[in-house]
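The structure appears below as C-alpha cells.
Heavy-atom basis, side chains included; hydrogens, waters and symmetry copies ignored.
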There are 2 protein chains.
Amino acid sequence: MTLSQYPAQVEEAVSKGQTVVLLAKCEIWYSGRAESYLPLGDRIILVKEDSAVIIHQPNGNNPINYMKPGTKVSMNFDDGKLFMNCRNLINKEFLDLRIDSIYSFSTRKLTDGQDIQIEGTEKDMAEMMYNKPELVEKGFRPLSREEHTKYGFIDLFGLDREGKLVVVECKRYRADLPAVSQLRRYVEKIEESKGITHVRGILAAPKITENALKMLQDWGFEFVSINPPRYLEKYDRDQKSLAHFG
Amino acid sequence: MTLSQYPAQVEEAVSKGQTVVLLAKCEIWYSGRAESYLPLGDRIILVKEDSAVIIHQPNGNNPINYMKPGTKVSMNFDDGKLFMNCRNLINKEFLDLRIDSIYSFSTRKLTDGQDIQIEGTEKDMAEMMYNKPELVEKGFRPLSREEHTKYGFIDLFGLDREGKLVVVECKRYRADLPAVSQLRRYVEKIEESKGITHVRGILAAPKITENALKMLQDWGFEFVSINPPRYLEKYDRDQKSLAHFG
DNA sequence: TACTACATCTCGCAT
DNA sequence: ATGCGAGGTGTAGTA
C-alpha cells in the first residue's frame with residue numbers, strides 16, 4: 001500500500017469504531033497543556049475505538065504522545081507528504097504527525113466490556129484496619145472509613161481506648177513528606193472544626209522515609225507499620241505456575 | 001497461523017529486540033505491587049524491545065495491565081491453551097495472559113533514539129520568573145531556582161525589596177491544598193535551618209482553589225497569578241494548519 | 001464543573 | 001538504592 005492510500009483506509013476504520021495500530025516512522029508536534037516536538041523516528045501508533053490516540057517509542061513504559069478519547073482524527077496526503085492530524089477543540093489540544101513510512105497497518109473491531117478487579121489498594125488497607133482495629137493499636141474503635149468529609153478524605157477515623165479522636169492516613173507503599181502534610185491537614189481541620197486540640201494522627205504504611213518520620217514526630221503524630229492486604233499472596237516467589245484466581 | 005505456532009514466533013521476535021503487537025482475546029492475571037484479574041476480552045498487547053509489556057483495552061487512555069522494561073517474556077502452548085508469562089523477579093511482579101484467539105500479529109525492529117522537546121513546564125515557569133522577577137513583585141531579587149534541598153525542591157528563592165527571604169512555589173495549573181502544604185514545608189524548613197521566623201511564602205500559579213487560598217492566607221502566605229510561558233502560542237485556536245516548530 | 005486524593009502511578013534528578 | 005517532586009499525569013468519587 002502506498003502512503004497516499006492510507007487516509008481512506010485509516011479514516012474508514014476509525015469511523016467504524018475499529019482499533020488501528022500502525023508501526024511507522026514519523027515526527028510529532030503537540031500543542032495544548034504544553035508544547036512538544038519529537039523528531040523523526042520509529043513509533044507505535046494506536047488509535048482506539050473511542051478515538052484515544054496513544055503513541056509509543058520502542059522503549060519505556062509510558063506513551064511519548066497521546067490524545068484523550070473523543071479526539072477528532074484525520075489523515076491527509078498533501079504535496080507528497082502524509083499527515084495525521086488529531087484535534088480536541090474542547091481541550092484546545094492538537095497533535096500532528098508527519099508520517100514518513102508505514103511498516104505495518106493493523107485494524108480490527110475489538111470487543112471488550114470487562115472491568116479489572118484489583119486487590120491491595122489503599123482502600124483495601126483501610127478496610128482491613130477497620131475490620132481488625134487491633135492492627136492500629138489495642139483498644140482502637142473505628143468510627144468510619146474512606147469518608148469524604150468537609151475536612152477532606154479521611155482513610156480511617158476512630159477513637160482510642162481513652163476516647164480521644166484518632167485520624168489514620170494509609171499509604172500502600174513508603175510514607176513520605178506529602179503523606180505527613182496530608183495527615184496534618186486532616187488533624188488540624190478536625191481540631192479547628194470541633195474546637196479541640198488533642199486529636200491524634202497516625203500514619204499507617206509498610207515503611208516511612210527518615211525525613212517524613214522526623215516531621216511526623218515533630219508534629220506529635222505516630223507511625224504504625226502495616227502492609228496492604230493480600231500482597232503477593234497468590235504467587236509464590238519461586239513458583240512459576242499460574243495461580244488460581246477470580 | 002495456529003495458536004501453537006505463536007510461542008516460537010513471538011519469542012524469536014522478542015529475543016531479536018523487535019517490537020511485537022498482538023490484537024487478541026485474552027484473560028489476564030497480575031500479581032506484584034497489587035493483584036488483579038481481568039476477564040476474557042479483546043485487547044491490544046504490546047511488547048517493546050526493552051521487554052516492557054503494555055496491554056490496552058479498546059477504550060481509554062491508560063493501559064489496563066503492564067510490566068516494566070526488563071521483564072522476562074515467554075509464551076507457552078500447553079494442554080491446548082496458549083499462555084503468555086511475564087516475570088520480573090527483581091520486582092517480584094508477575095503478569096500472565098491466557099490467550100484465546102489472536103486476530104493480528106505484527107513484529108518489526110523499530111529504530112528510534114529521539115528525545116522529546118517540551119516547553120511550558122513548571123521548570124520553564126520558574127525560569128521565566130527568574131528572568132523577569134517583576135512578575136513575582138516589584139523589587140524581587142531571585143537568588144536561585146530549581147534548587148534541590150534536603151527538604152525538597154524549591155522552585156524559586158530570593159529576597160524582596162526589604163531584604164526578606166522569599167520562597168516561591170510554582171504550579172502550572174490550579175494550585176491546590178497539597179501545593180500550599182508544600183510551600184509551608186519549605187518555609188518552615190528554611191526558617192528552622194536559618195533560625196529566623198519571617199520567611200515569606202508565595203504560591204505562583206494561573207489560579208488557586210478556594211480552600212487552598214484560605215489555607216494559604218491562614219498561614220500568612222501569598223498568591224500571585226502567573227501563567228506558564230508560551231502556552232498555546234504555536235497554534236491558533238481556529239487554525240487547522242500545522243505550525244512550524246523545532 | 002470543580003475539587004480532592006489514589007495510582008501496580010512513571011519519570012528524572014540528586015544524594 | 002532511596003528520597004523527593006513533577007507530570008501534557010489519568011482516573012474515580014463527591015459536592
So what does [X] touch, heavy atoms closer than 4.0 Å: a base, only the sugar-phosphate, or nothing?
{"X": "I64(B)", "answer": "base"}
{"X": "E169(A)", "answer": "sugar-phosphate"}
{"X": "K68(A)", "answer": "sugar-phosphate"}
{"X": "K171(A)", "answer": "sugar-phosphate"}

**Report entry** Along DNA chain C (nearest heavy atom to each residue), the more 5'-positioned of P178(B) and I90(A)
**Finding:**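 Nearest nucleotide further toward 5': that of I90(A).
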Just how far, in rounded Å, is [atom2] of [N] from [atom1] of [X]?
{"X": "I118(A)", "N": "dT11(D)", "atom1": "CD1", "atom2": "P", "value": "13 Å"}
{"X": "K214(B)", "N": "dT4(C)", "atom1": "NZ", "atom2": "P", "value": "12 Å"}
{"X": "K207(A)", "N": "dC4(D)", "atom1": "NZ", "atom2": "C1'", "value": "15 Å"}
{"X": "K123(B)", "N": "dG8(D)", "atom1": "NZ", "atom2": "P", "value": "13 Å"}
{"X": "I208(B)", "N": "dA2(C)", "atom1": "CD1", "atom2": "P", "value": "16 Å"}
{"X": "D115(A)", "N": "dT11(D)", "atom1": "CG", "atom2": "P", "value": "14 Å"}
{"X": "D155(B)", "N": "dG5(D)", "atom1": "CG", "atom2": "P", "value": "10 Å"}
{"X": "N88(A)", "N": "dG10(D)", "atom1": "CG", "atom2": "P", "value": "11 Å"}

Report task. Give the ring-plane orientation class for Y37(B) versus W29(B), where under 30° counts as parallel, over 60° as perpendicular and anything between as tilted. Result ->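 Rings of Y37(B) and W29(B): tilted, 30 to 60°.
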Report yes if a side-chain nitrogen or oxygen of [X] is closer than 4.0 Å to either non-bridging phosphate oxygen (OP1 or OP2) of [N]; otherwise report no.
{"X": "R185(B)", "N": "dG5(D)", "result": "yes"}
{"X": "T209(A)", "N": "dT2(D)", "result": "no"}
{"X": "Q182(B)", "N": "dA6(D)", "result": "yes"}

Classify the side chain of [X] and the base of [N] as holding, or not holding, a donor-acceptor pair under 3.5 Å.
{"X": "N61(B)", "N": "dT11(D)", "result": "no"}
{"X": "E93(A)", "N": "dG8(D)", "result": "yes"}
{"X": "N65(A)", "N": "dG8(D)", "result": "yes"}

Nucleotide nearest [X] when distance is taken to its side chain, options [options]:
{"X": "E122(A)", "options": "dG7(D), dT4(C), dA7(C)", "result": "dA7(C)"}
{"X": "Y66(A)", "options": "dG5(D), dT10(C), dT9(D)", "result": "dT9(D)"}
{"X": "Y173(B)", "options": "dG7(D), dT9(D), dG8(D)", "result": "dT9(D)"}
{"X": "N62(A)", "options": "dG7(D), dA5(C), dC11(C)", "result": "dC11(C)"}
{"X": "L177(A)", "options": "dA7(C), dA5(C), dC4(D)", "result": "dC4(D)"}
{"X": "R33(B)", "options": "dC6(C), dG7(D), dT8(C)", "result": "dT8(C)"}
{"X": "T121(B)", "options": "dG5(D), dG8(D), dG7(D)", "result": "dG7(D)"}

Query raised in the report: Has F153(A) got its ring stacked on dT4(C), by the test of a centre gap below 5.5 Å and a plane angle below 30°?
Result: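 No, the aromatic ring of F153(A) does not stack with the base.
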Is [X] salt-bridged to [Y], cutoff N-O under 4.0 Å?
{"X": "R98(A)", "Y": "E27(A)", "value": "yes"}
{"X": "K68(A)", "Y": "D50(A)", "value": "no"}
{"X": "E192(A)", "Y": "K189(A)", "value": "no"}

Requested in this report: For dA5(C) versus dC9(C), give the span between their C1' atoms, rounded off to a whole number of Å.
Outcome: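 My reading of the C1' atoms in dA5(C) and dC9(C) gives 13 Å.
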Query raised in the report: Quantified in whole Å, what is the P atom distance between nucleotide dC4(D) and nucleotide dG8(D)?
Result: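 Result for the P pair: 23 Å, nearest Å.
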Report task. Starting from the C-alpha separation in whole Å, work towards a yes-or-no answer on side chain to side chain contact (heavy atoms under 4.5 Å, CB included) for R87(B) and F94(B). Result -> CA-CA 5 Å; R87(B) 296 277 172 275; F94(B) 308 86; 3.4 Å; yes
Query raised in the report: Just checking, is any N or O donor in the side chain of S181(A) or R184(B) under 3.5 Å from an acceptor N or O on the other one?
Result: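 Their side chains do not contain a donor-acceptor pair, so the 3.5 Å distance test is not met.
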**Report entry** Contact check, side chains of Y173(B) and K207(B), non-hydrogen atoms, under 4.5 Å
**Finding:**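 No, every pair of side-chain atoms sits at 4.5 Å or beyond.
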Query raised in the report: If each of M67(A) and D176(A) is mapped to the nucleotide of DNA chain D with the nearest heavy atom, which maps nearer the 5' terminus, i.e. the 5' end?
Result: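 Its nearest nucleotide lies further toward 5', so the answer is D176(A).
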